[in-house]
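Since we're looking at a predicted model, the values are computed, not measured. Proteins get letters first, then strands, A, B, ... in listed order; numbering begins at 1 in each.
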Amino acid sequence: MIERVAVIDFETTGITPGREGRATEIGIVMLEGGVIVDRFQSLMNAGVRVPPMIEQLTGISNAMLRAAPPAAGVMRDAANFVGRTPLVAHNASFDRKFWDFELAQCDLARTQDFACTLLLSRRLLPQAPDHKLGTLTRWAALPATGRAHRALADAEMAANLLLHLGQTMARSCRQPVTHALLCKLQAVTAAKVPQFLQQH
DNA sequence: TGCCAGGCCCTCTTTAGGGCCTT
């Protein structure tokens with residue numbers, strides 16, 4: 001992939017944004033020309049408690065969040081870092097709703113589309129044992145990036161997966177693999193993927 | 001009171017149900 005894309009990952013206190021679900025950490029990896037050219041990572045304090053199960057999962061504790069900068073400032077910095085760059089995430093429907101929610105808390109709004117490495121890997125890597133980010137990373141022998149379930153390590157894992165998906169796609173289609181083409185591919189049904197690749 | 005995510009995708013489907021994936 002030649003164009004610049006921002007791969008994003010949130011750690012949160014729950015599944016749904018709102019009173020019980022707030023972001024606790026954000027990690028962003030900027031890809032350009034198929035290589036990582038910049039990184040953004042920060043814990044963020046939204047004034048909520050981390051449930052024990054989530055603390056166990058992510059290693060992010062209430063003590064760590066008490067010392068973290070306020071969520072609104074972190075989101076403004078993250079939005080400035082991303083600008084209008086197209087976004088990518090693994091299971092983007094999850095990160096998109098937290099990105100939109102946390103931006104809305106500081107009166108900002110998203111301007112770009114999300115591509116989803118989960119939808120794309122289901123279409124391009126149907127033979128994988130499952131489509132969890134960690135499984136795909138091991139299965140495709142992608143580089144280890146650090147502790148799973150920390151935002152920057154997961155964003156970097158998703159970035160490596162995106163590059164792998166781009167290479168897989170480039171072998172089957174004639175057009176350059178762009179964010180817009182990935183968004184088109186993720187919108188077709190799995191059965192129509194071979195036809196889509198032939199036509200592009 | 002009782003509920004408690006939601007979008008995607010497959011199939012023993014489409015007047016539906018259940019599993020996957022994210023924290």
Visitor: Using the C1' atom as the point on both nucleotides, what is the distance between dT23(B) and dG6(B), in whole Å?
Guide: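 14 Å, rounded to whole Å.
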Visitor: Is there a side-chain polar atom (N or O) of His131(A) under 4.0 Å from OP1 or OP2 of dC20(B)?
Guide: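 No.
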Visitor: If you assign Asp130(A) and Lys97(A) each to the DNA chain B nucleotide with the nearest heavy atom, which residue ends up on the more 5' nucleotide?
Guide: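 Upstream on the strand: Lys97(A).
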Visitor: Checking all strands, does Ala190(A) fall into the base, sugar-phosphate, or nothing category for heavy-atom contacts under 4.0 angstrom?
Guide: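 Since only primed, P, OP1 and OP2 atoms lie under 4.0 Å of Ala190(A), the category is sugar-phosphate.
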Visitor: In terms of the angle between their ring planes, are His200(A) and Phe196(A) parallel, tilted or perpendicular, with boundaries placed at 30° and 60°?
Guide: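 Parallel, since the angle between the ring planes stays under 30°.
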Visitor: Looking at dC8(B), dA5(B), dT22(B), which one has an atom nearest to any side-chain atom of Leu119(A)?
Guide: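 The answer is dC8(B).
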Visitor: Rounding to an integer number of Å, can you tell me how far Ile15(A) CD1 sits from dG7(B) P?
Guide: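 It is 14 Å, rounded to the nearest whole Å.
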Visitor: Measuring only the P atom in each nucleotide, how far is dC8(B) from dT13(B)? A whole number of Å is fine.
Guide: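 Per the computed distance, 22 Å lies between those P atoms.
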Visitor: The side chain of Ser93(A) lies closest to which of these nucleotides: dG6(B), dT23(B), dC21(B)?
Guide: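 Side chain of Ser93(A) sits closest to dG6(B).
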Visitor: Could you pull out all donor-acceptor pairs under 3.5 Å where a side-chain atom in residues 146-153 of chain A meets a protein atom, sequence neighbours excluded?
Guide:
| residue | atom | partner | partner atom | Å |
| --- | --- | --- | --- | --- |
| Arg147(A) | NH1 | Leu57(A) | O | 3.3 |
| Arg147(A) | NH1 | Thr58(A) | O | 3.2 |
| Arg150(A) | NE | Glu25(A) | OE1 | 2.9 |
| Arg150(A) | NE | Glu25(A) | OE2 | 3.3 |
| Arg150(A) | NH2 | Glu25(A) | OE2 | 2.7 |

Visitor: Heavy-atom nearest nucleotide on DNA chain B for Phe94(A) versus Thr16(A): which residue maps closer to 5'?
Guide: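 So the residue in question is Thr16(A).
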Visitor: Can you tell me the distance, in whole Å, between the CZ atom of Phe98(A) and the C1' atom of dG6(B)?
Guide: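 Rounded to whole Å, this separation is 12 Å.
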Visitor: Nearest whole Å is fine: how far is dA5(B) C1' from Arg96(A) CZ?
Guide: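 It works out to 13 Å between those atoms.
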Visitor: Taking the P atom in each of dG19(B) and dG2(B), what is the distance between them to the nearest angstrom?
Guide: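 To the nearest whole Å, 26 Å.
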Visitor: Does Thr58(A) reach a base, just sugar-phosphate, or nothing at all? Heavy atoms under 4.0 Å.
Guide: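 Sugar-phosphate contact only.
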Visitor: Figure out the CG/P separation between Leu118(A) and dC20(B), and round it to whole Å.
Guide: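 So the two atoms are 12 Å apart, to the nearest Å.
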Visitor: Starting from P on dT22(B), measure out to CD1 on Ile26(A) and report it in whole angstrom.
Guide: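 That distance rounds to 18 Å.
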Visitor: Using the P atom as the reference point in each nucleotide, state the distance between dA5(B) and dC12(B) in Å, no decimals.
Guide: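 The answer is 28 Å between these two P atoms.
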Visitor: May I have the distance from His90(A) (atom NE2) to dG7(B) (atom P), rounded to whole angstrom?
Guide: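 To the nearest whole Å, that distance equals 18 Å.
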Visitor: Quickly work out the Asp95(A) CG to dA5(B) P distance and round it to whole Å.
Guide: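 For the pair Asp95(A) CG and dA5(B) P, the rounded distance is 18 Å.
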Visitor: For the residue pair His90(A) and Asp154(A), establish whether any side-chain heavy-atom pair is separated by less than 4.5 Å.
Guide: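 Side chain of His90(A) against side chain of Asp154(A), heavy atoms only: no contact under 4.5 Å found.
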Visitor: Can you tell me, in whole Å, how much space there is between the P of dC4(B) and that of dC10(B)?
Guide: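 About 26 Å, rounded to a whole number of Å.
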Visitor: When you compare the side chain of Phe10(A) with that of Lys97(A), does any pair of heavy atoms fall below 4.5 Å?
Guide: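 SC-SC contact between Lys97(A) and Phe10(A) ruled out.
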Visitor: Test your reading of the model: is there a side-chain donor-acceptor pair from Thr117(A) to the backbone of Leu162(A), 3.5 Å cut-off?
Guide: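 Not at all, since once roles are kept as given, no pair shorter than 3.5 Å links the two residues.
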Visitor: Where along residues 108-116 of chain A does a heavy atom come under 4.0 Å from DNA chain B, residue by residue in number order?
Guide: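 Hits under 4.0 Å, by residue number: none.
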Visitor: Run the side-chain hydrogen bond (donor to acceptor under 3.5 Å, both in side chains) test against Glu32(A) and tell me which residues pass, sequence neighbours left out.
Guide: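 Scan of Glu32(A) (side-chain hydrogen bond (donor to acceptor under 3.5 Å, both in side chains), adjacent residues dropped) gives Arg4(A).
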Visitor: Find the distance Leu120(A):CG to dC21(B):P and express it as a whole number of Å.
Guide: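 The distance from CG of Leu120(A) to P of dC21(B) comes to 15 Å, rounded to the nearest Å.
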Visitor: Does Val188(A) reach the side chain of Gln195(A), with side-chain heavy atoms less than 4.5 Å apart?
Guide: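 Heavy-atom side-chain distance check fails, nothing below 4.5 Å.
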Visitor: Test Phe81(A) against Asp38(A) for side chain to side chain contact (heavy atoms under 4.5 Å, CB included), laying out the working first.
Guide: CA-CA 9 Å; Phe81(A) 180 80; Asp38(A) 209 352; 3.3 Å; yes
